[in-house]
Amino acid sequence: MPKFNMVQAINLALKEEMQRDKNVVVLGEDVGVDGGVFRVTEGLLEQFGPERIIDTPLSESVIVGSAIGMAVYGLRPVAEIQFMGFIYPAIDQIFSHAARIRARSHGRYSCPIVVRTPYGGGVKALELHSESTEALFCHMQGIKVVAPSTPYFAKGLLISSIRDPDPVIFLEATRLYRLFREDVPEGEYTIPLGKARIVQEGSEVTVIAWGSMLHRVLQAAGPDAEIIDLMTLNPFDEETIYQSVKKTGRVVIVHEAPKTCGLGAEISASIAEEMILYLKAPIMRVTAYDAVVPLPKLEDYYIPSVDRIKKAIEEVKKY
Amino acid sequence: MPKFNMVQAINLALKEEMQRDKNVVVLGEDVGVDGGVFRVTEGLLEQFGPERIIDTPLSESVIVGSAIGMAVYGLRPVAEIQFMGFIYPAIDQIFSHAARIRARSHGRYSCPIVVRTPYGGGVKALELHSESTEALFCHMQGIKVVAPSTPYFAKGLLISSIRDPDPVIFLEATRLYRLFREDVPEGEYTIPLGKARIVQEGSEVTVIAWGSMLHRVLQAAGPDAEIIDLMTLNPFDEETIYQSVKKTGRVVIVHEAPKTCGLGAEISASIAEEMILYLKAPIMRVTAYDAVVPLPKLEDYYIPSVDRIKKAIEEVKKY
Amino acid sequence: MSIRPIESFTISRLDILDEKGNIDDSLMPPLSDSDIKKIYELLVLSRTFDHTALSLQREGRIGTFPSISGQEASQIGSAFALEKSDWVFPSFREMGVYITLGYPIHMLFLYWAGDERGFRVPDDLNTFPLCVPVGTQIPHAVGTATAAKFRGDKIAVVTYFGDGGTSEGDFHEGFNFAGVFRLPIVFICQNNQWAISVSREKQTASKTLAQKAFAYGFEGIQVDGNDVFSVYKATKEAVEKARGGGGPTFIECFTYRMSDHTTADDATRYRPKEEIELWKERDPLLRLRIFMEKKGLWSEQYAREVEEKSKKVVDEAVRKTETREPLDPKDMFTYTYGTLTSRQIKEMKDL
Amino acid sequence: MSIRPIESFTISRLDILDEKGNIDDSLMPPLSDSDIKKIYELLVLSRTFDHTALSLQREGRIGTFPSISGQEASQIGSAFALEKSDWVFPSFREMGVYITLGYPIHMLFLYWAGDERGFRVPDDLNTFPLCVPVGTQIPHAVGTATAAKFRGDKIAVVTYFGDGGTSEGDFHEGFNFAGVFRLPIVFICQNNQWAISVSREKQTASKTLAQKAFAYGFEGIQVDGNDVFSVYKATKEAVEKARGGGGPTFIECFTYRMSDHTTADDATRYRPKEEIELWKERDPLLRLRIFMEKKGLWSEQYAREVEEKSKKVVDEAVRKTETREPLDPKDMFTYTYGTLTSRQIKEMKDL
Ligand SMILES: Cc1ncc(C[n+]2csc(CCOP(=O)(O)OP(=O)(O)O)c2C)c(N)n1
Ligand SMILES: Cc1ncc(C[n+]2csc(CCOP(=O)(O)OP(=O)(O)O)c2C)c(N)n1
Ligand SMILES: [Mg+2]
Ligand SMILES: [Mg+2]
């Protein structure tokens, strides 16, 4: 089986979906002739032409807004926002429209768009090139949020996202784009949205992460840890988490967004609401700090380190 | 002492601060000749003139963006966004700039702006006129978020917000604008940011709310409940909450935003992290549902009712 | 080495039917007598709807409502030029457009009463629900136009917005996109001189709104927005150009908002009576009536019949709205996602 | 009743110094020989900085870096026309502007090495840190211009952006605001023909960028952006107009990005070599040198001295940057809010 990195796996998913369904179109800044600044859309212009691989002007709001209009007409647009730090000018279109068109039209219209964007740090990038603000999108109802952690799951989750009837924010960890390769089958397979996966079974502590943080968790956690890759951040897989907490009674949640009002808060609160009687220890969150994302020189201090994750796991195991 | 409703109290705060400091200016849509669609800025144009009460074009992004530029030059702009549902086009300026200018310039510049906006439901308004997405702003570091619950506190908190060295999102519950009057002293007084207040002391359960939900809590809670008005949503007053939880061991958090990733999640998670050993019951959240904010016909089903709050309080008291 | 002109533009204004009911024959679009009567009847129907909505609001039977009074020619004249296959993206003040497109009137009342079912657009209509955030419908129209062009469908996409809407970033990004891809789209601005309390002059320093199109490489024109024939002609030509691959057009309908911004507004706070008086004389319905009278297309009796019919239709719609079974609270969950989430299923049990 | 012109515009283009070093005397701005030499020296210094930054990046001593090569005349010519009291809001590619304003070069390197201290702007400079999100600096400049006008300060505010920046909503909202309030501001677009891989033609359908100003009721002009005299003259006149209460001006500097978009980009993927060859001949430094040579202001020896001096200054700056004490991790907390939050105080203990 071919070994692909995440860039190649996502490229393959796009290619196969575009071959399968002529309604799938890609639009964004530099996605065409340049193949995307990370080369995720490389080769697609040559294969599908400028009407399906659309190089747009520098306008995030109309990139998402026009994707909505395309979806309403029956297309399946996959919009690329060049970096998550540049999705903010498009947030109005995402929050006010993509999320609400189904409700507003009482079901006459829906908004099956995917907004792909590289997110997260760890690559010493410029300002606003390392955002990890997934929680904002998880709070806005009507949107789904997905964040794959490996090439294999990236392909399967992207295919599911493209076919999903609702708008999906698809977060691609910049750090993982070329970090490693793994077996990625050619041809169709899907990974269902809304389901987490247990990466490692364990009995002592449940460690929950997604995207690039999952890999730090794998380095930090011992064999007795149950490691959950959340994969879909909203709606997230409560059941898998609760079952694991029942077993372990200890929870550590890891994300690279700042702590306050990060997605870790929701996961922790849900557990505190539903599973408190099973808890043996405080629910710990290992997150970026409550500070503005720093430039490269301080990045390593800001993002959760393997060490900080280890400490938290040891901490909860003391109980 | 004069009795003022919240509209009048905020108007008074603006007037007094503008008299005190000629650097304070107000800008926004219809804030001048119309006195604001809720009349919050009524009379200010006549008193301070069009250079300090600026009727702007219909452009939220430049309303906030230009406020940033004014602040950098030494003014203290108070920008009005007509409804919270229309703050989304300005979110890029708030998140990418207002929140980061101090960090980006390593302290050379700061961004002492206030963005006032009516928020929340309960007045049977049009679509996007009932948003309560405070959690989005609490997650973005570098911004403060304030939500008063009475005229007296609205005046004192707004004065503190105007004088604060950081950008403040000042959320005014539409529902409370004219709901009741109370004593509001003329002349200067401030309510410190970052401090919650205990509205009622109690021993059995801690109920946390802010803005208009506080009033439903007051109707729902019995004399044995300790009721906390959070007032500043970010950074919020952990100490006051923790002290109360130590005493009661039971917590109910109420907000009118959807549950998932609402501010209630952060409060709950913080307690689950720091105070779990004191907890006698699950931490319950009474919130709007995970659904798109409905139009008026279903609004009453969507926003937490006195009844739902009562039920939650009884529920935790069972433990 | 020089300072030399490299580009220049001219913006034109179109006027066909004046306040005295006279027309410029050389510019008059081909409209049959029955077309003209249809248009007249739609103006009356829209005005009847408007008056009824305003009184329902006063009686608390619907919520806040934005009147279209004064803008009927801009709305009906433009919508009348469309084909059933064209797509329409209105702002929030286009009740006259919806009515002209044949949108069920009872559903419009239902929406203004705060019920989402009002904008479950009938499957045979290609229009979007109204759009509350100013200007944000423009990118949607642009996207639909892109999709139609991609599919090779010979349709036009039309979007409406106000003078205030021209100040939003989405106006700019949408117009630029339309220019770059030469999309089959017609942008119709109802310049009613006010954005709540902000006058046209305070909204932008450009002399006309029409000229803004040239910043995006396509044509803009200003038309008398109270003249149904000018609006119809300009729109008809623009949609045909769009369907024929000629690209986008921007039409500024120069009109006036006769009522308050909405029922929640009090326009006397910010605008002079004289202005309203002045515009009263420019009433779109009045001048059409005089024109038809001269042409022998109008009589007192005909007028009475049209009014009575309109009233019947509107009253019937009100009845239908108010006898509708109440909205199921579960719907707020049902229509958030394609399928319910586990959390929503739990929450629904609360209801 | 008619179709008649109601408004028209003309957009002009200014050229003074051509590729052969000849100038149009009638248009030549009043610049002393020493001014011209200063300008030449700033061009060389900026180019030296640029080359050094590119090699530091290759050696991993700084991060991703956007070269200004080809755009020196646009940057230095415009910045040279400013007073110390004027305010400047650059985009991310204005290293030549910063250098002309006297920004400490070692701090620029520090910033590109990923250290916030690099943009702790010295108190005696009225410039903003560079701006990464395209176009978002425009509203800041507009706000500062509003504040300056309100205070009655006779200053001009200048903001820079690229051709791609003209597509963002903030460009539109900022320009419109400036027009409505007749602000003392100068908008300078470096139209370097590319926004990463998107060509100027794909960015917008308008023939010139300059013409976009007319949509907002003020003047736009296109100048040869590789001619330092044209850029200087247009900027000088615009800032004086601004300070004198004449309102905003938009200057399109027609230039070219000779390098890749940034060190992370590979322009050979999307643009033809010939284009670059063509623009090589239009090099801003070359034509200035020929002009100065003709005027007897330039000699091999002078050139050598200027280059050596520039190299010394830049190397010294690199040394200063790289010997700077490391940034304190606590700073990320210290500069998020005016005072630390209780939560931050807890978190700092982790470090
Ligand atoms: C983004 C946004 N900001 C503010 C509002 C509040 N608002 C509703 S209508 C309106 C004025 C619109 O003026 P215009 O575009 O001229 O349309 P008109 O009301 O005149 O039809 C405003 C400010 C809104 N609906 N959306
Ligand atoms: C809002 C936003 N979107 C996307 C980007 C990524 N990006 C950085 S520079 C650039 C192109 C800018 O082109 P232009 O405005 O012409 O300036 P130039 O790079 O040519 O100097 C893009 C797309 C960004 N920085 N900000
Ligand atoms: Mg208007
Ligand atoms: Mg460019």
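In what follows, every chain begins at residue 1, and chains take the letters A, B, ... in the order their sequences are listed. What you see is a predicted model, and the numbers here were worked out from it, not measured in a lab.
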Side chain, backbone, both or neither: which part of [X] has a non-hydrogen atom closer than 4.5 Å to chain B?
| X | result |
| --- | --- |
| D:D115 | neither |
| D:V180 | side chain |
| D:T336 | both |
| D:L327 | side chain |
| D:A145 | neither |
| D:I155 | side chain |
| D:L130 | backbone |
| D:Y111 | neither |

Checking heavy atoms, do the side chain of [X], its backbone, both or neither come under 4.5 Å from chain D?
| X | answer |
| --- | --- |
| B:S110 | neither |
| B:E238 | side chain |
| B:V25 | side chain |
| B:K144 | both |
| B:D55 | backbone |
| B:I143 | backbone |

Looking only at the side chains, is there a donor atom on one of [X] and [Y] sitting less than 3.5 Å from an acceptor on the other?
| X | Y | value |
| --- | --- | --- |
| B:S270 | B:E274 | no |
| D:T249 | D:K241 | yes |
| B:T248 | B:T206 | yes |

**Item:** Steps toward side chain to side chain donor-acceptor pair (under 3.5 Å) verdict (D:K212, D:T204)
**Value:** CA-CA 10 Å; D:K212 293 179 184 286; D:T204 181; 2.8 Å; yes

Where does the angle between the aromatic ring planes of [X] and [Y] fall among parallel (under 30°), tilted (30 to 60°) and perpendicular (over 60°)?
| X | Y | value |
| --- | --- | --- |
| D:F161 | D:F175 | perpendicular |
| D:Y103 | D:F119 | tilted |
| B:Y109 | D:W87 | tilted |

**Asked** Are D:V88 and D:N126 close enough that some pair of their side-chain heavy atoms sits under 4.5 Å apart?
**Response** no

**Asked** Quick one: are B:I113 and B:V115 in side-chain contact, heavy atoms under 4.5 Å?
**Response** yes

**Asked** salt bridge (charged side-chain N to carboxylate O under 4.0 Å, His left out) between B:K22 and B:E51: does it pass, once the steps are laid out?
**Response** CA-CA 11 Å; B:K22 64 173 193 350; B:E51 293 208 307; over 6 Å; no

Closest non-hydrogen atom pair, [X] against [Y]:
| X | Y | result |
| --- | --- | --- |
| D:A178 | D:I185 | CB-CG2, 3.9 Å |
| B:L27 | B:I63 | CD1-O, 3.5 Å |
| B:S244 | B:I228 | CB-CD1, 3.8 Å |
| D:I62 | D:F65 | CD1-CB, 4.2 Å |

**SB check B:D237 B:R197 (cutoff 4.0 Å)** = no

**Request:** Run the salt-bridge test on B:R104 and D:E116 with the 4.0 Å N-O cut-off and return the result as yes or no.
**Result:** no

**Asked** Among residues 343-351 of chain D, which residues come closer than 4.5 Å to chain B, judged by heavy atom distances?
**Response** D:R343, D:K346

Of the listed residues ([options]), which shares the most heavy-atom pairs with chain B below a 4.5 Å separation?
| options | value |
| --- | --- |
| D:T146, D:V157, D:D170 | D:D170 |
| D:D331, D:I138, D:T334, D:D123 | D:D123 |
| D:A148, D:C131, D:P133, D:G118 | D:A148 |
| D:D153, D:T341, D:V121 | D:V121 |

**Item:** Steps toward side chain to side chain donor-acceptor pair (under 3.5 Å) verdict (D:T262, D:T64)
**Value:** CA-CA 7 Å; D:T262 66; D:T64 305; 5.6 Å; no

**Asked** Can the ring centres of D:F187 and D:Y160 be said to be less than 6.0 Å apart?
**Response** no

**Request:** Tell me whether the centres of the aromatic rings in B:Y242 and B:Y278 are closer together than 6.0 Å.
**Result:** no

Looking only at heavy atoms and a cut-off of under 4.5 Å, which of [options] has the most pairs with chain D?
| options | answer |
| --- | --- |
| B:E60, B:H106, B:R100 | B:H106 |
| B:A99, B:P235, B:P57, B:P112 | B:P57 |
| B:A67, B:G194, B:A103 | B:A103 |

**Asked** Among pairs that include at least one residue of residues 129-143 of chain D, which meet side chain to side chain donor-acceptor pair (under 3.5 Å), considering only residues two or more places apart or in two chains?
**Response** B:Q93-D:H140, B:H97-D:T136

**Prompt:** Who in residues 68-89 of chain B is close to chain D, using a strict under-4.5 Å heavy-atom cut-off?
**Reply:** B:I68, B:G69, B:M70, B:V72, B:Y73, B:G74, B:L75

**Message:** Give the interface residues of residues 156-166 of chain B toward chain D, defined by a heavy-atom separation under 4.5 Å.
**Reply:** B:P165, B:D166

**Asked** Between atom CD of B:E266 and atom CD1 of B:I253, what is the distance when rounded to the nearest 0.5 Å?
**Response** 10.0 Å

**Request:** Check step by step if side chain to side chain donor-acceptor pair (under 3.5 Å) holds for B:N23 and D:R151.
**Result:** CA-CA 9 Å; B:N23 290 316; D:R151 289 255 183 99; 3.0 Å; yes

**Request:** Carefully, step by step, assess D:Q75 and D:Q190 under the rule side chain to side chain contact (heavy atoms under 4.5 Å, CB included).
**Result:** CA-CA 8 Å; D:Q75 298 196 7; D:Q190 291 177 73; 3.2 Å; yes

